[in-house]
Amino acid sequence: MPREKTHYRNVNENPCNMCMPMGGILPFKGIEDAMVIIHGSQGCSTYMRRHIAEHFNEPIDVGSSSLNEKGTIYGGAQNLFQALNNIRRVYKPRLIGILTSCLAETIGDDVGGIARDYLKQQGLDEFPLVAVATPGYGGTHSEGYWMAVYKIVAGLARPTAKHGGINIIVPNLSPADIREIKRILEMMGVRYTLLPDISETLDRPIARPYTKIPPGGTGLEDIRCMPGAAATIQFGLTVEESLSPGHYLQSEFGVPLYNLPVPMGVEATDLLVSRLLEITGGSLPRALELERGRLLDCMVDSHKYNAQGRGAVFGDPELVYAMARTCAENGLHPAVVATGSGNSGLKRLMEPVLAECPEDVLFLDQADFMSIRTACRDAGVNIAIGHSDGKFLTEKEGIPLVRMGFPIHDHVGGQRLLSIGYTGTAMFLDRVTNTLLDNKHKNYRAAMYRKFYWGFKERGHTC
Amino acid sequence: MSTAVPNENLITERQLSILVKGRQRKNQLKCDAESIAGCVSQRACVYCGARVVLNPVTDAIHLVHGPIGCASYTWDIRGSLSSGSELYRNSFSTDLKENDVIFGGEKKLARAIDELVEKYPAELVFVYSTCVVGVIGDDLEAVCRAASQKHGIKIIPVQSSGFIGNKSAGYRAACDALLRLIEPAGEPRPVKRLNPVPSVNYLGDFNLAGEAWIIGDYLKQIGVEVNVVFTGDSNYRDLKKAPQATLNIMQCAGSMAYLARRMEELYGIPSMQVSFLGLDDTAASLRNIASFLNDPEMKRRVEELIRRETAAVKPQIEHYRSKLLGKKAAVYVGGGFKAISLIKQFREIGIDVVMVGTQTGREEEYQTLHDISDDGTVILDDANPSELERFMTEKGAHLLVGGVKERPLAYKLGVAFIDHNHDRKHPLSGYVGAVNFAREVYSTVCSPVWKYTREIGGGLFAAGKNALPER
Ligand code: SF4
Ligand code: SF4
């Protein structure tokens, strides 16, 4: 059974999460011709741009209303108006998202109201301005992400005739993962609208001419028509209902919702595939069946190596759940499961998984890296799986890190990491297994020597 | 003369901050102004400026009073090295939540300090305020004063609320914090300096990849002792000794000019501007120090060092120069000092600078930039990605120098790139740094990769025809 550790702390020592508007930026980067502005002081948006740019190695343009002292005292509407004008002039977007930072929320600016005033003043009734209240102190980047997706859907969706397509709503996955989901859907002949789609916008090929807004992203018209879909599949088990776009489409427009785990690991991918077959009435493509067989082969090949792993899994709740389950499926039982988020329902979800673990598992929410480090030491963890900040565990405790999730800022290629579907799961497991193997090969000679050598050389046995 | 570079796509308010050298009689660039909303400025905030300057103080607890993000984005992202404590590489935050914002965060801050001081033995705590704290009006002074008394250590508030200005305001807030740190408690000035070996404070080097160590070694060789570095690899005890120095040598003036001026007023320490970027600047700076101290023996040693080190690196620099001759660079960096040095350093390796800008350069620095630039060079303050894109393309730059945010833009445009920021992990100072710099420029400008990006139309390098044998 899991032992739980949630502490009300006065101090966070080396954060494991980022703030809400940061998460809110990402969905807007996956919408066709969209731009996004942070209503607040200049610094927040610059920090977030830097962080995102490091992960994706892509230009990340995000406006700021650059609130100064005056705006802070008298309200920031003027600044936001100016920001909207300038962004429209330079980028010519077809949708603008407005996220708030702590500052804008603290001074009590109502962005929804300001946005409406702006549209009226400019005579732009039809222009989609999506305002999202994302005070940094209100939650982590995970909640910010979902809230932004929710507001995009709520802002754009219109009653539409049934078109029989399927809505696919995804959490913060890598562009490669999103391409993989699309490949599976296409293989199975599914018509879909995938939201938000960062597969091209944040993993942009070198191409000419350079455009200020990257090509790609979910089409605005497609989002408007989401209410006409036959069903919504959302990978958002940990999302609160009030932030869940799938629930919104269900309750407002009656679109049936399948809220599924991220399709990573055998069971979760099987679940997605069988739901798709159910909805479309199609049959399983042989190519996919082969991929599944290869994944099983990969797992059999590495199960004994995986059994030697004692894992720490950390990051966004949705991904933590997926990674922990996937590892457990092949006998790599998590020893520490941690997320910086607070209210994700992750713990409840994890219970059945953790109950099957042969040994105690430490579960930490609202975790920081100092607490994760202590837990890893207590639990004898020998492999960590999560985003780049886990390098702290490597430096301090010598625990190797398999990078996965967001942000990955000390390696290249975070945007190209493929980890879901049958094929992606196999690649993920290979990365984990090889990390265990490398670590073993690096250390076992010295370890065995320390443990067993008792000095027969001194007694004259030399060769 | 009102507008220097008119363009339809350009935001009107931005036109005064961009000029082309030679189109008007003198430099009239608007700088040191607030960023314009919606311009996608590359600037960071006051807190960022303060943290950049103070973070290298190795044995301090750096506590960010604010919501989590501000601390999260600044956790151990700099390349400052330490020869002692590693405490500075942690990012502590009071992680303010909604309730704290409503009811105030003072109690939480006090408890956070208690917890940290108990857990980590430290003589010094910096408490950074962030935007929210500035608005909800927590009395940082009072909390820090009370905590100082309680724990008997120095706990210094840093007034770095983001919205009160830009990065320069943060430099100033950091300097104020440093002044509070070194102030001799109650002692009258001036401090006597009787040390036979002249000692200097080295201001504005953050010991990125050991740069302050490299320069410290040069100084030792010429018979000068480094009293303390502000702030690379510094610690509480050493910083306290700052008033004992004979001279302040200052590299990054953008962040340190104010501190140098105050130290002159308070402790009578004169200051001098130096730069150790590039062969010429390094040599000139060493000579200036020796002639300021007016010591013939030292002058002799300086000449000897310059001769020896130059001879050792010159062949390599010449090699790279021959490969790079005639290439064009664009420069967009944080401060004016770095931009000025880079123009000179590029000349040493045969490269012309065709665009130069900074986030927070000061008026006098822009004057210098204007003076030393070639005609036709675009000079701009607080640029944004679309301006960088436009001028790099128009000017045919082969190379951009900048920070993390600018790098992907350059690459996407098929332009080579040099990281010149606080994250880097190799030294660019002194003679060894000059070689590193030339090598880095060469490795990116002359990389074969551009041949392929050119083939899809738009890169800037002559592509070789595919020469693979076919059968
Ligand atoms: S809140 Fe203020 S201090 Fe924090 S990152 Fe944003 S601008 Fe900087
Ligand atoms: S936590 Fe708030 S103030 Fe800090 S970076 Fe995030 S939005 Fe800005």
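Computed over heavy atoms, backbone and side chain alike; hydrogens, waters and symmetry mates excluded. Chain identifiers are assigned alphabetically (A, B, ...) following the order of the sequence lines, protein sequences preceding nucleic acid strands; residue numbering begins at 1 within each chain.
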- Intermediate values then yes/no, side chain to side chain contact (heavy atoms under 4.5 Å, CB included), A:Glu105 and B:Val101: CA-CA 10 Å; A:Glu105 291 290 327; B:Val101 172; over 6 Å; no

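- In this structure, the portions of A:Leu103 lying under 4.5 Å from any heavy atom of chain B include both its backbone and its side chain.
- Contacts between A:Asp410 and chain B at a heavy-atom distance below 4.5 Å are absent for every atom of the residue.
- Ranked by heavy-atom pairs under 4.5 Å with chain B, the list A:Ser101, A:Gly43, A:Pro15, A:Cys44 is led by A:Pro15.
- Interface check for chain A: of the options B:Arg89, B:Arg14, B:Lys107, the most heavy-atom pairs under 4.5 Å are formed by B:Arg89.
- A:Asn85 CG to B:Ile36 CD1: the interatomic distance, rounded to the nearest 0.5 Å, is 12.5 Å.
- The minimum heavy-atom distance linking A:His51 with B:Ser72 is given by the pair CE1-O, 4.3 Å.
- If you measure heavy-atom distances from B:Glu406 to chain A, you find no contacts under 4.5 Å at all.
- Closest approach of A:Gly138 to B:Glu98, counting heavy atoms only: CA-OE1, 4.5 Å.
- Looking at B:Glu34, its side chain never comes within 3.5 Å of a backbone N or O of A:Asn68 through a donor-acceptor pair.
- Among residues two or more places apart in sequence or in another chain, the side chain to side chain donor-acceptor pair (under 3.5 Å) test is passed with B:Ser17 by none.
- With a 4.5 Å cut-off on non-hydrogen atoms, B:Leu409 touches chain A through its backbone and its side chain both.
- If you measure heavy-atom distances from A:Met370 to chain B, the contacts under 4.5 Å come from the side chain alone.
- Within the 4.5 angstrom heavy-atom criterion, atoms from both the backbone and the side chain of A:Ile87 approach chain B.
- Ring pair A:Phe369/B:Trp75 is tilted by interplanar angle, where 30° to 60° counts as tilted.
- With a 4.5 angstrom heavy-atom cutoff, A:Arg204 touches chain B via backbone and side-chain atoms both.
- Nearest heavy atoms, B:Ala112 versus A:Val11: CB-CB, 3.9 Å.
- Listed for the A:Thr46 side chain is a donor-acceptor partner under 3.5 Å among the backbone atoms of B:Arg43.
- Between B:Lys412 and A:Glu58 there is a salt bridge, since a side-chain N of the basic residue sits under 4.0 Å from a carboxylate O of the acidic one.
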